[in-house]
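Please read the structure below before turning to the comments.
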Amino acid sequence: MTSEVETSPPPRGALFEKHVADVIAALFVTVIVLYAASGPLNEFIRWVIETTTPAFDEMSRRDQRVFLREHWLGAAHRAFEQGFLLPTGLIIGLPIVLSFAITLLTLHRKPGLRAVNWALTALAVSAFTSWIVAIFASDAGILPTARGIDYVMFPLATAITLYLTWRLFGGFIVGFCLFWVVYFFVKGWLPDWTGILAGSEATFSQNLRQMILQFWAQTGGMFGQPIQVVTGNVLIFIVFGAVLMASGAGDLLMKIANRLTGGLTGGAAHASVASSALFGTLSGAAISNVVSTGVMTIPVIRKAGFKPAFAGAVEAAASTGGQIMPPVMGVVAFFVAGQIGLEYRYIVVAAIIPAIFYYLGTFLAVYFEARKRGVGALPASERPKLTRSEWVQCLVFVIPLGTLSYFLFAQPSVPKAGFYGLIAALASASLLFRDFRSGRRLWTAFVDAGRMAATIVIIVTAIGLIVGLIQTSGFAGRLSQLLAEVADGPLPLVLLVVALGAIVLGMGLPPGATYFIIVIALSSGIDTVGIAPLTLHLFVVVFAMMSTVTPPVALAAFAAAPIAGADPIKTGFEAAKISLAGFLIPFVFVYHPAVLYKLQVIFEWFGEDRVNSRAMIDIATVTWFDFFWILGAFTLAMWLIASALAGFDRSRLSVVERALRLTLGGAALLPQLAIAAPAAGLGLALLLASPRLARRAGPAAP
């Protein structure tokens, strides 16, 4: 569900509120950049002091530290740090205050409701500012307590958060949150037959006081780990992507995709896959990818000869993969890094092969459908040619992404990498795109980035509330015990339960909320499951991602269906079929760990010690044979499976051959080499023999 802000232009009377919201959005981006720049700024201040002090190198280390503190520039920077960059209340609270103000000021467009916008904004700012003040007091040494004003401000902040979430993201997530709010108060009165839902008794006032102490007097609930990860790591990447898109790089990216894939069978659809994959390197959000690229790609796919539902499904499936596309993956990848205590760069490397596998599967699904329907390549006249200046402008991707990747891997500080990537993006866009040199274009980029960041902060605030309620109510512990009992069973059964849980929850919840709820349930059962935490967490992430293309509630497919003029349910089923690789990949990397871990050796190649973390396996236990075997086996398996589902390869396939391809494709992915190798050999032989079988069967039906 979208708000009125996004669906209609503002009436003249509301322009003032829009201008104010735009100013706050630009201010929000400035705050995001300042927080990300704290490390580089500290290094720059130190460099300036060292450079302007001739005798600095001759001082002892102790004297250098003292001089850095007492120097006027160092003292000013330290005061700025302590007053703005380090306080917990500002790091978490200021983004929330600005996000709510940006959204609420333009929430209602009708002239008679403008006063409501201002009233809601004032209430939200007052409520969250009171929390910031309370956290400042806690940082000063005052023990957290439930004050009288908190009994007013906490319910007020919660109500506004849920109202905004409903306006922006629909009723399901709000209903889910309200369920846990009610459960928090009634858990002690539930009968024993309700099983893990039955909790300990407490009075209404005791429960309310506990909620306020946990969620308001401290950094829990709305201010817990989800929002901490987003404000600390994610928001700078939102600005990074928005700057590149505002520069005009988006149109260039679409042109590159059409040029690269236009000559292939079904070229129009492949251009959608390629463009969404490229967009995924900048933005890990499925629905925004659908909306931004779908308006250009879906009509072209339909015009090429594909059915409307398939055209929308291609865009939905391709955009969904952006959530695991390095280097800027979806928000959930940052959640994983925080949850298992692993540097983000290791997660990026782990995601490289799964992302390639996903888009390989999507490509093959489109390829065989194009063959089946006789859709050829784009005519040469419709394949855009890049001019010399446009080839040079391609550096707008190479330089910022290269800079971002370098700092992610060489100096593993995520905010620092995002900051330097943004600086490279601003410099590249200004040099390569003349229109971007205007102040208006830069202002638009910052405003758009601020609005996107505000939307993410709002949904993550709601996610934090849900996560806090599940944990504090005691339900998480009881659910963990239940899962630990299930984990005593066969591993495939455990994985199937986790996968189904992620898909079902993800049908109505964002991937971040789905991830946290499943991981809470797994918290005490990970060791029992018997696989590395990174493997298990990425297993949850991929299935949470796949829920966006899984009927009956496939959010990415539903976003694409209106653009395609297709039935949403049909589009969802088509998207699930095209995205089949995504349902297989998590099981593949559980049983073939080389997929996630073998490439971690690149850190050793650059002179670092062998990766040693309890969240990962020992990479020495996987060989290059394991790695190249699964690369080949997965490619062959996807060719067999995708052609079987389409019912077409070089010609129409019989029912028997389709069943045989499905069987051999699945068997080739099994971890037992004694079964997988013969299956792969038979599958390859079947592909080679298929043209002869087709000739014997006679001409294929059109």
Side-chain angles (χ1 to χ4, degrees), residues 225 229 323-324 326 329-330 332-358 409 412 480 483-484 486-499 501-502 511 514-546 582-604 608-627 629-631 634 669-672:
Q225 189 185 27
V229 170
Q323 296 172 87
I324 56 167
M329 300 164 67
V332 192
F334 293 95
F335 290 161
V336 173
Q339 195 73 15
I340 64 178
L342 195 64
E343 290 176 4
Y344 179 70
R345 58 179 178 160
Y346 298 122
I347 296 168
V348 169
V349 171
I352 291 173
I353 300 302
I356 292 172
F357 279 176
Y358 182 87
F409 290 100
S480 297
L483 189 70
V486 175
D488 288 335
L491 180 59
L493 177 62
V494 178
L495 295 176
L496 191 61
V497 170
V498 173
T514 301
Y515 166 77
F516 268 109
I517 292 168
I518 296 293
V519 166
I520 287 170
L522 292 171
S523 58
S524 67
I526 286 180
D527 294 334
T528 313
V529 172
I531 56 179
L534 176 60
T535 304
L536 191 55
H537 283 244
L538 287 182
F539 185 92
V540 176
V541 166
V542 175
F543 273 106
M545 173 190 85
M546 293 307 298
F583 296 99
L584 298 177
I585 288 166
F587 290 97
V588 169
F589 63 60
V590 167
Y591 289 102
H592 296 276
V595 170
L596 296 182
Y597 295 105
K598 192 57 190 174
L599 289 186
Q600 303 290 346
V601 74
I602 65 174
F603 295 107
E604 295 181 41
E608 296 189 22
D609 295 332
R610 177 177 292 177
V611 181
N612 184 19
S613 170
R614 295 180 61 186
M616 302 168 63
I617 68 168
D618 181 358
I619 64 173
T621 61
V622 290
T623 66
W624 284 111
F625 172 80
D626 299 329
F627 180 74
W629 163 258
I630 191 56
L631 288 185
F634 189 86
L669 297 176
L670 292 175
Q672 295 85 4

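These values consider heavy atoms only, across backbone and side chains, with no hydrogens, waters or symmetry-generated copies. Everything quoted here is computed from the prediction, not taken from an experiment.
Looking only at atom types and distance, the side chain of T535 has a donor-acceptor partner in the side chain of Y597 under 3.5 Å away.
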So V540 and V498, side chain to side chain contact (heavy atoms under 4.5 Å, CB included) or not? Walk me through it.
-> CA-CA 7 Å; V540 176; V498 173; 3.8 Å; yes
Could you go step by step and tell me if I585 and I324 meet the side chain to side chain contact (heavy atoms under 4.5 Å, CB included) rule?
-> CA-CA 12 Å; I585 288 166; I324 56 167; 5.5 Å; no
For the pair Q339 and F516, evaluate side chain to side chain contact (heavy atoms under 4.5 Å, CB included) and give the outcome as yes or no after the intermediate values.
-> CA-CA 9 Å; Q339 195 73 15; F516 268 109; 3.4 Å; yes
Show the numbers, then the answer: is there a side chain to side chain contact (heavy atoms under 4.5 Å, CB included) between V541 and F335?
-> CA-CA 10 Å; V541 166; F335 290 161; over 6 Å; no
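How far CZ of F357 is from CZ of F634: 5.5 Å, rounded to the nearest 0.5 Å. Considering NE2 of H537 and CD1 of I518, their distance stands at 11.5 Å, rounded to 0.5 Å. If you take CG on L495 and OH on Y591, they are separated by 5.0 Å, rounding to the nearest 0.5 Å. To the nearest 0.5 angstrom, I353 atom CD1 is 12.5 Å from F589 atom CZ. Here the straight-line distance linking atom NZ of K598 with atom CD1 of I352 works out to 14.5 Å at 0.5 Å rounding. Atoms CD1 and CG, from I617 and L596 in turn, are 8.0 Å apart once rounded to the nearest 0.5 Å.
Considering all non-hydrogen atoms of both residues, A502 and T514 come closest at O-CG2, 3.3 Å. Looking at every heavy atom in both residues, A532 comes nearest to A615 through CB-O, 3.7 Å. Looking at every heavy atom in both residues, P326 comes nearest to A355 through CD-CB, 4.0 Å. Considering every non-hydrogen atom in both P593 and V622, the closest pair reads CG-CG1, 4.0 Å. The minimum heavy-atom distance linking F587 with F583 is given by the pair CD1-O, 3.5 Å.
Side-chain contact between V349 and F603 is present, with heavy atoms from C-beta onward closer than 4.5 Å. Y358 has its side chain out of reach of Q323: every pair of non-hydrogen atoms, C-beta onward, lies at least 4.5 Å apart. Contact of the M616 side chain with the L342 side chain is registered, since non-hydrogen atoms from C-beta on lie closer than 4.5 Å.
Ring pair W624/F627 is perpendicular by interplanar angle, where above 60° counts as perpendicular and below 30° as parallel.
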